[in-house]
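Each remark here refers to the structure printed beneath this line.
Whatever order the structure lists ligands and atoms in, that order sets their numbers, starting from 1. Owing to the predicted nature of the structure, the values given are computational and were not obtained by experimental measurement.
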Amino acid sequence: MRTQVGIVGAGPAGLMLAHLLHLQGIESVILETRGREYVEQRIRAGVLEQGTVDLLRDTGVGERMDRQGLVHEGIDLRFGGRSRRIDFNELTGKGVMVYGQHEVVKDLIAARLRDGGSILFDISETSVEGLESDRPTIRYRDARGEPAELVCDFIAGCDGFHGICRASIPDGVMSYYDRVYPFAWLGILAESKPVQEELIYANHERGFTLISLRSPTITRMYLQCDPEEDIAEWPDDRIWSEIAARLAGEDTPDLVPGPIISKGVTAMRSFVAEPMRFGTLFLAGDSAHIVPPTGAKGMNLAIADVRVLAGAFASFYRDGSRDGLDTYSDVCLNRIWKTQRFSWWMTSMLHRFEGTGPFEHRVQLAELDYVTSSRAASTTLAENYVGLPFGA
Ligand code: FAS
Ligand code: PHB
């Protein structure tokens with residue numbers, strides 16, 4: 001089989017790239033190891049930056065998001081037993097949209113299939129070769145287990161942190177920057193009334209807690225936990241009582257426990273692989289970078305990458321220019337490192353770090369007090385959280 005752009009991975013990066021290429025009349029094929037149902041049910045991120053929302057709307061895949069998503073104009077930072085609000089709209093004129101990543105994935109898959117796009121699910125044994133030739137090829141076994149190949153002009157490695165594309169780049173080419181945090185997040189999805197309309201990021205001596213939601217009847221919450229935490233040791237009632245303990249204070253939010261429909265532990269790391277290109281292979285999304293989810297950036301960064309990559313492919317096929325392809329990595333890394341800084345900063349300000357003493361905790365509280373009482377400091381948080389302008 002042959003196509004212009006072969007895409008490995010049907011997550012937000014691969015699907016959005018294929019959609020943007022289609023709008024430019026560029027052919028692509030997506031190869032995905034998992035089944036359609038799996039990728040559409042995989043619960044992950046929940047907050048869309050203004051730029052992501054605008055891109056989904058402007059490219060015709062934002063209709064269900066606008067119907068079901070929740071527009072948020074601020075967040076609460078909770079510390080010292082009190083919540084203080086950061087007003088995004090007042091400070092930046094922008095907001096964010098709470099709409100599950102798996103919903104975005106569903107919308108993009110539906111759009112690709114509606115538009116006659118090709119997504120090959122349940123493939124296996126993916127490999128890429130000829131990355132420095134003019135016939136880069138993806139080899140794989142199809143859903144029936146038959147060997148197959150996809151000959152391309154370019155390959156987009158959108159296969160996430162554990163994918164094969166980054167690993168296929170020869171040793172000595174890439175530089176890696178990695179920081180693994182000494183904690184993880186225990187995340188739950190529950191059938192319960194949201195604590196409040198907007199998100200709460202809570203710094204507490206027992207550990208960080210994030211109170212989010214998915215709808216007026218579904219809440220999404222996270223508890224800082226040990227990286228090796230055994231989820232079997234967290235029955236529902238222990239989770240609810242721990243969340244309540246970490247929210248306790250002067251104006252304790254109204255926590256309404258309910259049945260937990262999913263729970264899992266997510267590791268926390270900051271990771272960047274540079275450059276994001278090798279020959280005809282272009283890395284995008286988690287295959288090139290990971291951020292701790294404290295800044296709600298992972299999926300948004302993936303979308304920002306493919307917005308640049310789609311533009312680069314469009315100018316190549318339109319007028320043969322390779323400029324966009326040659327600058328792709330540097331343009332994306334400019335945003336990626338600013339987003340890494342913000343995600344690291346939010347993580348450092350809000351979590352309890354084992355081995356640090358009272359001094360560090362008081363400095364964290366002073367920083368939270370400053371961020372919520374200085375307009376300049378609040379604006380810094382707000383403009384990063386809603387998303388820096390594309391190209392900034
Ligand atoms: P993805 O990992 O989403 O997609 C890669 C795709 O490639 C997958 O479908 C995978 O099956 C496929 N694939 C892998 N290897 C392949 C191969 N060899 N051949 C073919 N296909 C292959 N971000 C937030 O902002 N907030 C959060 O709360 C949050 N929670 C997260 C929880 C978890 C458990 C994880 C892992 C990530 C979380 N993230 C969160 C980050 C997440 O949202 C990512 O940033 C986002 O999924 C990135 O999208 P992609 O780059 O498309 O990668
Ligand atoms: C979520 O709702 O899943 C969510 C929200 C904000 C974050 C991380 C995750 O920073």
Exercise for the section: Could you tell me whether some N/O pair between G298 and ligand 1 is separated by less than 3.5 angstrom? Expected result: yes
Completion exercise
Of A302, A45, S168, A184, the residue with the heavy atom nearest atom 40 (C) of ligand 1 is A45
Exercise for the section: Verify whether one side chain among S315 and S321 offers a donor that lies under 3.5 Å from an acceptor in the other. Expected result: no
Problem - Heteroatom proximity flag, P293 to ligand 1, N/O under 3.5 Å - result: no
Exercise for the section: Could you tell me whether Y222 and ligand 2 have an N or O pair separated by under 3.5 Å? Expected result: yes
Practice task
Please work out whether the ring planes of Y177 and W337 are parallel, tilted or perpendicular, with thresholds of 30° and 60°.
Solution key: perpendicular
Handout entry: Residue part near ligand 2, for R44, under 4.0 Å between non-hydrogen atoms
Key = backbone
Completion exercise
So for T294 against ligand 2, with non-hydrogen atoms under 4.0 Å, the contacting part is backbone
Exercise for the section: Calculate, to the nearest 0.5 Å, the distance between atoms CZ and NE2 belonging to R114 and H19 respectively. Expected result: 7.0 Å
Practice task
Check each atom of ligand 1 against the heavy atoms of C158 and keep those under 4.0 Å away; list them by number with element.
Solution key: 5 (C), 6 (C), 7 (O)
Exercise for the section: Salt-bridge test for E49 and K297: reply yes if a basic N is under 4.0 Å from a carboxylate O, no otherwise. Expected result: yes
Exercise for the section: Check whether any heavy atom of Q101 sits under 4.0 Å from an atom of ligand 2. Expected result: no
Problem - Centroid-centroid under 6.0 Å between H351 and F183 rings - result: yes
Fill in the blank from the handout: Within 4.0 Å of some non-hydrogen atom of L31, the atoms of ligand 1 are 20 (C), 21 (N)
Practice task
Indicate yes or no: does an N/O atom of M299 lie under 3.5 Å from an N/O atom of ligand 1?
Solution key: yes
Problem - Residue and atom name of the nearest protein heavy atom (relative to atom 1 (P) of ligand 1), distance in Å to one decimal - result: R44 NH1, 3.3 Å
Exercise for the section: Look up atom 7 (O) of ligand 1 and tell me if a protein heavy atom lies less than 4.0 Å from it? Expected result: yes
Problem - Y201-ligand 2 polar pair, N/O distance under 3.5 Å - result: yes
Handout entry: Closest to atom 49 (O) of ligand 1 among C165, G285, P12, A296 (heavy-atom distance)
Key = P12
Exercise for the section: Give the contacting part of S287 toward ligand 1: side chain, backbone, both or neither, where contact means a heavy-atom distance below 4.0 Å. Expected result: neither
Completion exercise
Residue, atom and distance of the protein heavy atom nearest atom 2 (O) of ligand 2 read S212 OG, 2.6 Å
Problem - Carboxylate-amine/guanidinium proximity below 4.0 Å for R36 and E40 - result: yes
Practice task
Indicate yes or no: does an N/O atom of A45 lie under 3.5 Å from an N/O atom of ligand 2?
Solution key: no
Practice task
Would you check if there is a donor-acceptor pair between the side chains of H361 and R352 at a distance under 3.5 Å?
Solution key: yes
Exercise for the section: Report, in ascending order of atom number, the atoms of ligand 1 lying under 4.0 Å from any heavy atom of Q101. Expected result: 3 (O), 42 (C), 43 (O), 46 (C), 47 (O)
Handout entry: Side-chain donor-acceptor contact under 3.5 Å, Y140 with T33
Key = no
Problem - Y222, portion touching ligand 1 at heavy-atom distance under 4.0 Å - result: side chain
Handout entry: Sub-4.0 Å atoms of ligand 1 with respect to non-hydrogen atoms of I164
Key = 18 (N)
Exercise for the section: Would you mind listing which atoms of ligand 1 come within a distance below 4.0 Å of any non-hydrogen atom of T126? Expected result: 17 (C), 18 (N), 19 (N), 20 (C)
Problem - Side chains of Y222 and R220, donor plus acceptor under 3.5 Å - result: yes
Exercise for the section: Return a yes/no value for R34: is any of its N or O atoms, backbone included, closer than 3.5 angstrom to an N or O of ligand 1? Expected result: no
Handout entry: Side chain, backbone, both or neither: the part of H162 lying under 4.0 Å from ligand 1 by heavy atom
Key = neither
Handout entry: R2/D153 ion pair, N-O < 4.0 Å
Key = yes
Completion exercise
Min over D159, D286, T266 of heavy-atom distance to atom 14 (C) of ligand 1 lands on D159
Exercise for the section: Identify which of H289, E49, E32 has a heavy atom lying nearest to atom 12 (C) of ligand 1. Expected result: E32
Fill in the blank from the handout: Under 4.0 Å from one or more heavy atoms of G9, ligand 1 contributes atoms 6 (C), 7 (O), 12 (C), 21 (N)
Practice task
Check the surroundings of atom CZ in R34: do more than 12 heavy atoms from other residues, nucleotides or ligands lie under 6.0 Å from it?
Solution key: no
Exercise for the section: Could you say whether the N/O atoms of V39 and ligand 1 ever approach to under 3.5 Å? Expected result: no
